[in-house]
Protein chains: 2
Amino acid sequence: MLTNKNWNCSMSRVLDVVGGKWRMNILWVINKHKRVRFNQLRREVEGITTISLTRGLDVLIENQLVEKYDFETMPLHTEYELTEKGKSLMPILKDLNQWGKEWLQ
Amino acid sequence: MLTNKNWNCSMSRVLDVVGGKWRMNILWVINKHKRVRFNQLRREVEGITTISLTRGLDVLIENQLVEKYDFETMPLHTEYELTEKGKSLMPILKDLNQWGKEWLQ
DNA sequence: CAGGATCCTACTCGATACTG
DNA sequence: CAGTATCGAGTAGGATCCTG
């Protein structure tokens, strides 16, 4: 998405990872549940489609903010959970959210 | 850009305002200088073009994170400065930047 | 000096339909 | 249940040239 090499702060990379339309919200909902399944996630991230959820999860997993657990059962069963890296971002997201409430209508 | 109405947290709106490719960086550099002129800003936000800088500033001014001061002299002279709203976001940006340094290569 | 005007590309996001 | 495949639209961002 962004990728700005010669930059003294690492904000671009942060936005590469969590700057998408849904990604912070996905993290938010996963965190609320600790562990959550795909369709439950889709229901709680309001307005998201399966494909956007899949793509958001892919980026978050690639960057190791989220871990996926597959159960080899039928019907399929998967669960998503925050990694330590993902959890470490939550306080900041909380602050950001709080800032939005205070300063944006 | 985003705009997600039925959402219990206001993160979408936050990203509407500061989620662009350059906007956080622009805030960052303005904050460093307190007050800064257009071309100096362009030099210090590495890689940005005039049009991207203009567009980024427009959004930030619209949302009152940045204030613009025009001097009616020739040659033209403008200065940009953070508002209280803009300043209030800086600690969070700092945290986000710090998080990026710790967790993203 | 501080932008505006134009034109263009690339990528994100979405709708719909289908599958192991 | 948990996705994939395909196609299409909208928009952020960029290149280049021009101006009060």
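Predicted model, so just to flag it, every value in this text is computed and none were measured. A note on names: the letters A, B, ... follow the listed sequences, proteins ahead of strands, and every chain is numbered from 1.
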Rounded to whole angstroms, how far apart are CG on B/Asp16 and P on D/dA12? 9 Å
Using rotation axes that map the C1' atoms of four end pairs onto the next four (five pairs an end), what angle separates the end axes of the helix from C/dC1-D/dG20 to C/dG20-D/dC1, to 10°? 60°
Is there a donor-acceptor pair closer than 3.5 Å between any side-chain N or O of B/Thr73 and the backbone N or O of B/Leu76? no
Distance check, rounded to the nearest 0.5 Å: B/Arg23 atom CZ versus B/Leu65 atom CG? 10.5 Å
Grab the CZ-C1' distance between A/Arg23 and C/dT12 for me, whole Å please. 9 Å
A/Glu46 CD to C/dC13 C1', straight-line distance once rounded to whole Å: 18 Å
Here the distance between atom C1' of C/dG3 and atom CD1 of B/Ile26, to the nearest Å, is 14 Å
Which pair of heavy atoms, one from B/Leu27 and one from B/Val66, lies closest together, and at what distance? CD2-CG2, 3.8 Å
In whole angstroms, how far is the C1' atom of C/dC11 from the CG atom of A/Asp58? 16 Å
How about NZ on A/Lys94, more than 12 heavy atoms from neighbouring residues, nucleotides or ligands closer than 6.0 Å, or not? no
Over all strands shown, is A/Ile51 touching base, sugar-phosphate only, or nothing at heavy-atom distances under 4.0 angstrom? base
Judged by each residue's nearest nucleotide on DNA chain C, which is more toward the 5′ side, A/Ser52 or A/Met74? A/Ser52
In this structure, how many angstroms lie between the P atom of D/dG13 and the CG atom of B/Asn25, rounded? 13 Å
Should the pair B/Arg35 and B/Tyr69 be classed as cation-pi, given the thresholds of under 6.0 Å to the six-membered ring centre and 45° from the axis? yes
Name the one of B/Leu15, B/Val18, B/Leu89 that satisfies side-chain contact (heavy atoms from CB on, under 4.5 Å) with A/Leu96? B/Leu89
Taking CZ from A/Arg55 and P from C/dT12, how many angstroms apart are they, rounded to a whole number? 9 Å
Check whether any side-chain heavy atom of B/Leu53 lies under 4.5 Å from a side-chain heavy atom of B/Trp22, and answer yes or no. no
Heavy-atom distance under 4.5 Å between the side chains of A/Leu82 and A/Met90, does that happen here? yes
Would you give the length of the straight line joining atom CZ of A/Phe38 to atom NZ of A/Lys68, rounded to the nearest 0.5 angstrom? 8.5 Å
note: A/Leu53, atom CG; C/dT12, atom P; distance rounded to Å ~ 17 Å
Atom pairs, N/O to N/O, protein against nucleotides 1-3 of chain D, distance under 3.5 Å?
residue, atom, partner, partner atom, Å
D/dC1, O3', A/Arg37, NH2, 2.9
D/dC1, O3', A/Leu76, O, 3.2
D/dA2, OP1, A/Arg37, NE, 2.7
D/dA2, OP1, A/Arg37, NH2, 2.9
D/dA2, OP1, A/Thr78, N, 3.4
D/dA2, OP2, A/Asn39, N, 3.2
D/dA2, OP2, A/Asn39, ND2, 3.1
D/dG3, OP1, A/Lys68, NZ, 2.6
D/dG3, OP2, A/Thr78, OG1, 2.9
D/dG3, OP2, A/Tyr80, OH, 2.3

